2 protein chains.
Amino acid sequence: MEIPFNDIKQKFQGCGLKTTPQRTAIYDALLRSTTHPTAEELFAEVAPQFPMMSLNTVYYTLGALRTSGLIHEVNIGHTRARFDANLSPHHHLICLGCQSIVDVIDPRLNRLTSPAGIPKDFEITSYQVAFRGLCGSCRRHTGRSINHSSPGLHPTTVKGGLHGKSS
Amino acid sequence: MEIPFNDIKQKFQGCGLKTTPQRTAIYDALLRSTTHPTAEELFAEVAPQFPMMSLNTVYYTLGALRTSGLIHEVNIGHTRARFDANLSPHHHLICLGCQSIVDVIDPRLNRLTSPAGIPKDFEITSYQVAFRGLCGSCRRHTGRSINHSSPGLHPTTVKGGLHGKSS
DNA sequence: TTGTTAAATAGTAATTATTCCTAAACAGGA
DNA sequence: TCCTGTTTAGGAATAATTACTATTTAACAA
């Protein structure tokens, strides 16, 4: 545990959440993780410390943390929810082969202008860029053929990689 | 039906897909739709014409169309898949209140540069920006409080709306 | 036009992720 | 320490999607 227990306790108190061992362990695991784990993955990570713990508790806890704004839910495929305790502005790089997610931290992406042509009364509170493609490992293993059951969105045509400074 | 039947038939043939009445109706409904419907919504739309049709057929058809690249799967929440037959580059504006999705077409968004700090061997093939917030109707009805079971991602801090031309 | 055949359809059952419900345990404040 | 409302754990329920399978049918060839 690199994250001081008292920091976590304070965050929980600040949100009116009780500090239980299970909750602390789940949140701590999520803070230390960089893989945007699913509820099940977090359960597997934490369960050894709490042989009695139920997956239900993980769902309940993630729901509480999400409602409190301590974590975010990241939806990549539609099949399962993934979670992220990193609240600082960042975007995601998703491998269509292995479904892995890597954080993208590039300040330039945080300065997008409000898009044209949207309803005037729509209030944008956040935005996020999802980059999709194949990681090195998947490109080597599959010879670039994308083998997965998932979407494979191609919303924008990227010719030979992203290009051009905007404006 | 604004979309000529023969156009659809040709697209199907080009992908090696058989042209069945059900498939044609499903694809046509998706082409005409602007709401990124779920499988169930498409089923409801098409079912009147085919009283015998099963929801299964909709799933099978959407899977086939997706595999052929004729449609995209759009994942907003994790609870259900949504589909889009609009293959031209565009992004999405998502209302956290009513879960509605509006297309965002702004050429500036299609010229993002490759992000910094990603693995060198990762090959990006596409990217998509998801803007989130509250539509006018939801802002009026809920007084800005977001009432939904869904995420509420806040990956980037947008102070008073998106701002600043990039670079 | 008529067979032939592989793909598509419809129906049912199974699976998976998640939520609901409830009693017992427990954290935090009085 | 005691109370009270939150949290936990367990089992059951739900919702979306997939799997299985027999029947039907589009597309191609004779």
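Keep in mind that this is a model prediction, so the values were computed, not measured. Naming: A, B, ... by sequence-line order, numbering from 1 per chain.
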A.B. asks: Just report the end-to-end axis angle for the helix from dT1(C)-dA30(D) to dA30(C)-dT1(D), five pairs per end, to 10 degrees.
C.D. replies: 40°
A.B. asks: Taking all non-hydrogen atoms of both residues into account, name the closest pair between I94(A) and A130(A) and its distance.
C.D. replies: CD1-CB, 3.9 Å
A.B. asks: Does T61(A) or K9(B) map to a spot on DNA chain D nearer the 5' end, using the closest nucleotide for each?
C.D. replies: T61(A)
A.B. asks: Can you check the E40(A) CD to dA17(C) C1' distance for me, whole Å?
C.D. replies: 8 Å
A.B. asks: Using a 4.0 Å heavy-atom cut-off across all strands, classify A64(B) as base, sugar-phosphate, or nothing.
C.D. replies: nothing
A.B. asks: Please give, in whole Å, the distance from dA9(D) P to L62(A) CG?
C.D. replies: 14 Å
A.B. asks: Could you identify which residues of residues 50-58 of chain A place a heavy atom less than 4.0 Å from some atom of DNA chain D, listed by residue number, or say none?
C.D. replies: M52(A), M53(A), S54(A), N56(A), T57(A)
A.B. asks: When the nearest nucleotide of DNA chain C is assigned to K18(B) and to T38(A) on a heavy-atom basis, which residue is associated with the more 5' position?
C.D. replies: K18(B)
A.B. asks: Given atom OH of Y59(B) and atom P of dA16(D), what is their separation to the nearest angstrom?
C.D. replies: 7 Å
A.B. asks: Compare the minimum distances between each of dA16(D), dA9(D), dT19(C) and the side chain of Q22(A), then state the nucleotide with the smallest one.
C.D. replies: dA9(D)
A.B. asks: Could you state the atom-to-atom distance from CD1 of I26(B) to P of dA8(C) in whole Å?
C.D. replies: 12 Å
A.B. asks: In this structure, how many angstroms lie between the C1' atom of dT8(D) and the CG atom of L42(A), rounded?
C.D. replies: 17 Å
A.B. asks: Hey, does the side chain of R80(A) come within less than 4.0 Å of dT18(C)'s phosphate (OP1/OP2), counting only N and O?
C.D. replies: no
A.B. asks: Salt bridge or not for K11(A) and D7(A), using N-O below 4.0 Å?
C.D. replies: no
